Amino acid sequence: MFARFALPRKPIARASAMLSLVGALAACAPGSVDLPEVGAARPADAGREIPVALLLPRSAEGAGTVARDLENAARLAVSDLDGVAVDLRVYDTAGTEAGATEAAQRAADAGADIILGPLFADAANAAAVAVAEDRLNVLSFSNNTAVAGGNLFVLGRTFENTADRLAGHAARNGRNTLVVVHPENAEGRLGRRAIEAAAARHGLDVADVVSFPFSEDEAVEAAGRAVEAVEERGADSVYLTSTAAGALPLLAQLLPERGLDPETTQYVGLARWDVPAQTRNLPGLQGGWFAMPAEGTDEGFRARYAETYDSQPHPLAGLAYDGIAAIGALAAQGERDMFARRALTQAAGFEGTGGAFRLRPDGTNERALAVATIRDGEVEILDPAPRRFPGAGF
């Protein structure tokens, strides 16, 4: 039996630093306002140095490490650009809406052509609103699609992208009826909605939804309800939104123990199941499906980062590298409206640390993902990530 990852027996008020960060990234923020079509605020001459503002929560409590690594990754990307000069200007948001508003306006007044960051959804929304009249686009590190739109784009890996990839794979493989199991927190609710929307797009039936307050006792009770729901509704799949830092280890142990055989019921997860390494040994995840970037795509970035900064990058650091890579690719084309929405949302997309990605006109993003499984503790790719998007070439 796998040793359980401990969850509190009472609803948690504050999670670990990493989980708090993820929650903040996914937390609901003030809705984005209706904004006019945004082009390049300052038409750029080909070959000139591109002023890019990088907004980070340097002084925010608990966010210093990720802010440092995002800045390091951005500077590394600038040094890797070929034939494009970027003037990277860093501004501290303090992780707040007010700080983001002030930083974004200072960046606009200083002549920035585009803004990269901020990290948190509410700060990103505030920054985008602040510079809308300056006709500046904002490429934030958030994964909260609720704030995307107008001049605000999210670079973070989204639940919608992952759910769509997995639901499409399920439809092609005859897994058509599912039960969703999720904790009652911001992440869980966003994950559930992403699964329901993806299921509708691919013709899958959501037979039932089992939610639970985020505590160990409630997760144990929810496992029993999930098994009953699968059996009573004749579902062939169970979708889990939880992460390895949350209820996933407990659910992956309890569901098989209570009769939900992974060999007959398809386990599907929105989280990465290949990291940390011990997650791969959880009994309920053997043979299950999850999505991940193409194998080996981020190894070059991580190696370059470790060599340059003598440490491993934060898991979110690659987003800053991706943002600079996209900015550099557009600048290399030499168009005067290089950062207009039309350019940012080009169908071909860009090459990032995790493979191909592109920005959508609604402010969300799509990343090329592989569908993977775990067999005997080892990751196996079932459906490789596409090297390019349909109808587009690099």
Side-chain angles (χ1 to χ4, degrees), residues 16-22 24-25 49-96 99-100 103-104 106-107 110 112-121 123-124 127 138-143 153-157 272 275-276 293 296-332 339 350-355 357 359 365 367:
S16 65
M18 182 60 198
L19 191 57
S20 295
L21 173 60
V22 173
L25 284 171
E49 192 172 50
I50 306 298
V52 176
L54 177 62
L55 274 57
L56 296 171
R58 279 175 157 178
S59 61
E61 183 179 358
T65 298
V66 65
R68 178 201 65 202
D69 288 9
L70 284 164
E71 181 177 348
N72 286 345
R75 295 194 182 281
L76 183 62
V78 169
S79 70
D80 286 345
L81 293 177
D82 185 13
V84 174
V86 167
D87 176 13
L88 191 66
R89 305 167 182 179
V90 184
Y91 299 84
D92 182 19
T93 67
T96 67
R106 285 173 54 207
D113 280 350
I114 192 167
I115 292 176
L116 184 59
L119 176 60
F120 304 118
V138 176
L139 308 183
S140 77
F141 301 129
S142 174
N143 68 346
F153 296 84
V154 295
L155 288 173
R157 295 167 178 83
R272 289 279 297 270
V275 290
T297 52
D298 66 346
E299 291 177 359
F301 163 69
R302 297 181 66 83
R304 286 270 290 115
Y305 187 101
E307 179 183 5
T308 304
Y309 300 110
D310 196 29
S311 64
Q312 287 297 317
H314 188 280
L316 297 179
L319 298 178
Y321 193 102
D322 290 355
I324 293 295
I327 290 168
L330 293 173
F339 303 130
F350 310 96
E351 277 293 331
T353 55
F357 74 98
L359 300 172
N365 72 77
R367 291 179 177 272

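A quick note: this is a predicted structure, and the numbers were derived from the prediction, not measured. Counting begins at 1 with the first residue of the sequence.
A 4.5 Å side-chain heavy-atom check between Phe339 and Ile327 finds at least one atom pair inside the cut-off. Between Phe141 and Leu316 there is no side-chain heavy-atom pair separated by less than 4.5 Å. Contact of the Arg75 side chain with the Ile324 side chain is not registered, since no non-hydrogen atoms from C-beta on lie closer than 4.5 Å. Between Thr93 and Phe120 the shortest side-chain heavy-atom distance does not fall below 4.5 Å. Put simply, the side chain of Arg272 does not reach to within 4.5 Å of the side chain of Pro315, judged on heavy atoms. In this structure the side chain of Val52 never reaches within 4.5 angstrom of the side chain of Val78, judged on heavy atoms. Residues Val138 and Leu55 are not in side-chain contact: their nearest non-hydrogen atoms beyond the backbone lie 4.5 Å or more apart.
Here the shortest heavy-atom pairing between Ala326 and Phe357 reads CB-CZ, 4.2 Å. The shortest heavy-atom contact between Asp92 and Ser59 is OD2-OG, 2.7 Å. For the pair Ala100 and Pro118, the tightest heavy-atom approach, listed with the atom from each and the gap, is CB-CG, 4.2 Å. The shortest heavy-atom contact between Arg157 and Asn143 is O-CB, 3.3 Å. Ala103 and Tyr91 get closest at one heavy-atom pair: CB-CB, 3.8 Å. Looking at every heavy atom in both residues, Gly156 comes nearest to Asn365 through O-ND2, 2.8 Å.
Taken to the nearest 0.5 Å, the CD atom of Glu49 stands 10.5 Å off from the CG atom of Asp113. The distance from the CG atom of Leu70 to the CZ atom of Arg58 is 11.5 Å, given to the nearest 0.5 Å. Between Arg367 atom CZ and Leu155 atom CG the span is 6.5 Å, to the nearest 0.5 Å. Here the CG atom belonging to Leu139 is positioned 11.0 Å from the CG atom belonging to Leu319, to the nearest 0.5 angstrom. The distance from the CG atom of Leu76 to the OG1 atom of Thr308 is 5.0 Å, given to the nearest 0.5 Å. The structure places CG of Asp298 at 12.0 Å from OH of Tyr321, a figure rounded to the nearest 0.5 Å.
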Residue pair Thr353, Asp322: steps toward the side chain to side chain donor-acceptor pair (under 3.5 Å) verdict:
CA-CA 6 Å; Thr353 55; Asp322 290 355; 3.2 Å; yes
Between Tyr309 and Asp69, does a side chain to side chain donor-acceptor pair (under 3.5 Å) hold up when you go through it step by step?
CA-CA 9 Å; Tyr309 300 110; Asp69 288 9; over 6 Å; no
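Partners of Asp87 by side-chain hydrogen bond (donor to acceptor under 3.5 Å, both in side chains), not counting sequence neighbours, listed by chain and number: Arg89.
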